[in-house]
Amino acid sequence: MNLLTSRLPDCVTVNGREYRIRTDFRTWIRFGELCTDLAGNIAEILTLCYIDSLPATLEQAVTALTAFYLCGHELSRKEDTGHKSPIISFAEDAEYIYSAYLNQYRIDLSTADLHWFQFMALFRSLADDCKISKIMEARAVNLSDIKDKSMKKYYQKMKQAYKLPDRRTQAQKDADLVAALETFF
């Protein structure tokens, strides 16, 4: 979809039928939180996003929402770091995101009326020197790739200072540990 030549979508299409959805960026930030929240439930997600009716199957309903959440494309360079841990949390990083939009775009997100696609286009284009971009970079950096001791120390401090909470279950942590150990044997 081209933001410059197409109208912003206000529905998703499943099997040729359109389903109206909410498009405000706040809805989609909440969608992302519910999808990553271990206690989030599907009924809440569907009620949050769909306005009138739902696609015939739960799988189709969720797949359509996920495609909309991704704005019709794959993960961006800032999001697709090859790093397993998340580098952004709209909940945890809210103040940095708010400040970045206010400073760079003069958009007050507490009062803004932005479509999710607009919000994400602006987010993906945040300047590299704004604080949230630096935080995301620090979270994504692989310390073993850094040879300079002072830079490695800097990124270690940044990673610790801006570490996101680990929301994995114990079973997920154990599975990740086993997978990591298997790479050594």
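In this chain, numbering begins with 1 at the start of the sequence shown. As a basis for the values below, the full set of heavy atoms in this structure was taken, side chains included, without hydrogen atoms, waters or symmetry mates.
Rounded to the nearest 0.5 angstrom, Lys131 NZ and Ile97 CD1 are separated by 13.5 Å. Taken to the nearest 0.5 Å, the CZ atom of Arg30 stands 5.5 Å off from the CD atom of Glu33. Atom CE of Met120 sits about 5.5 Å away from atom SG of Cys71, to the nearest 0.5 Å. To the nearest 0.5 Å, atom CD1 of residue Ile132 and atom CG of residue Asn103 are 12.5 Å apart. Distance check, rounded to the nearest 0.5 Å: OG1 of Thr27 to CG of Leu34 gives 10.5 Å. Distance CD1/Ile146 to CE/Met151: 6.0 Å, rounded to 0.5 Å.
Considering only heavy atoms from C-beta on, Pro55 comes within 4.5 Å of Tyr50 through its side chain. Annotation: side chain of Met136 is not in contact with side chain of Asp93 (no heavy-atom distance under 4.5 Å). You'll find the side chain of Ser133 stays beyond 4.5 Å of the side chain of Tyr96, heavy atoms only. Side-chain contact between Leu8 and Leu3: present, with at least one pair of heavy atoms (C-beta onward) separated by less than 4.5 Å.
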With side chain to side chain contact (heavy atoms under 4.5 Å, CB included) as the test, would you mind laying out the steps for Ile107 and Leu109 before giving the verdict? CA-CA 6 Å; Ile107 295 174; Leu109 290 177; 4.0 Å; yes
Run the side-chain hydrogen bond (donor to acceptor under 3.5 Å, both in side chains) test on Thr57 and Gln60 for me, step by step, so that the C-alpha distance in whole Å, both residues' side-chain angles and the decisive distance to 0.1 Å come before the verdict. CA-CA 5 Å; Thr57 69; Gln60 290 174 327; 3.3 Å; yes
Given the rule in the side-chain hydrogen bond (donor to acceptor under 3.5 Å, both in side chains) test, do Arg139 and Ser89 qualify, once you have shown the distances and angles that lead to the verdict? CA-CA 11 Å; Arg139 288 176 181 156; Ser89 164; over 6 Å; no
Stepwise, does the side chain to side chain contact (heavy atoms under 4.5 Å, CB included) test hold for Ile29 with Arg26? CA-CA 5 Å; Ile29 288 173; Arg26 294 168 190 86; 5.7 Å; no
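Scored by the side chain to side chain donor-acceptor pair (under 3.5 Å) test, Gln104 finds no partners at all (sequence neighbours excluded). Shown here are the ring pair (Phe, Tyr, Trp, His ring centres under 6.0 Å) partners of Phe25, two or more places apart in sequence or in another chain: Phe119.
At least one donor-acceptor pair closer than 3.5 Å links the side chain of His115 to the backbone N or O of Pro9.
Hydrophobic clustering, with ILVMFWY side chains joined whenever heavy atoms are under 4.5 angstrom apart, groups Ile42 together with Leu54. No single ILVMFWY cluster, assembled from side-chain heavy atoms under 4.5 Å apart, contains both Tyr98 and Leu164. Put simply, Phe117 and Ile51 are part of two different groups of oily side chains (I, L, V, M, F, W, Y) that touch within less than 4.5 Å, one to the next.
Side-chain contact annotation: Lys159 with Tyr154, donor-acceptor N/O pair under 3.5 Å absent. No side-chain donor-acceptor contact under 3.5 Å links Glu92 and Tyr162. Asp108 and Tyr101 are not linked by any side-chain donor-acceptor pair at a separation below 3.5 angstrom, with hydrogens and angles left out of the test.
When the options Leu70, Leu48, Leu46 are evaluated for a side chain to side chain contact (heavy atoms under 4.5 Å, CB included) with Leu65, the one that passes is Leu46.
The residues Lys134 and Glu137 are annotated as not salt-bridged, no charged nitrogen and carboxylate oxygen being separated by less than 4.0 angstrom. For Arg22 and Asp24, the salt-bridge test fails: no basic side-chain N is under 4.0 Å from an acidic carboxylate O.
Proximity of the aromatic rings of Phe90 and Phe123 is defined here by a centroid distance below 6.0 angstrom, and this criterion is met. Within the 6.0 Å centre-distance limit, the rings of Trp28 and Phe68 are counted as a close aromatic pair.
Annotation for Leu114 and Leu122: closest pair CD1-CD1, 4.4 Å, computed over non-hydrogen atoms. Considering every non-hydrogen atom in both Arg17 and Ser53, the closest pair reads NH2-OG, 3.3 Å. Taking each heavy atom of Cys49 and Phe31 in turn, the nearest pair found is SG-CD1, 3.7 Å.
Atom CG of Asp145 has more than 12 heavy atoms from other residues, nucleotides or ligands within 6.0 Å.
A parallel orientation is assigned to the rings of Trp116 and Tyr69, their planes being inclined by less than 30° (bins at 30° and 60°).
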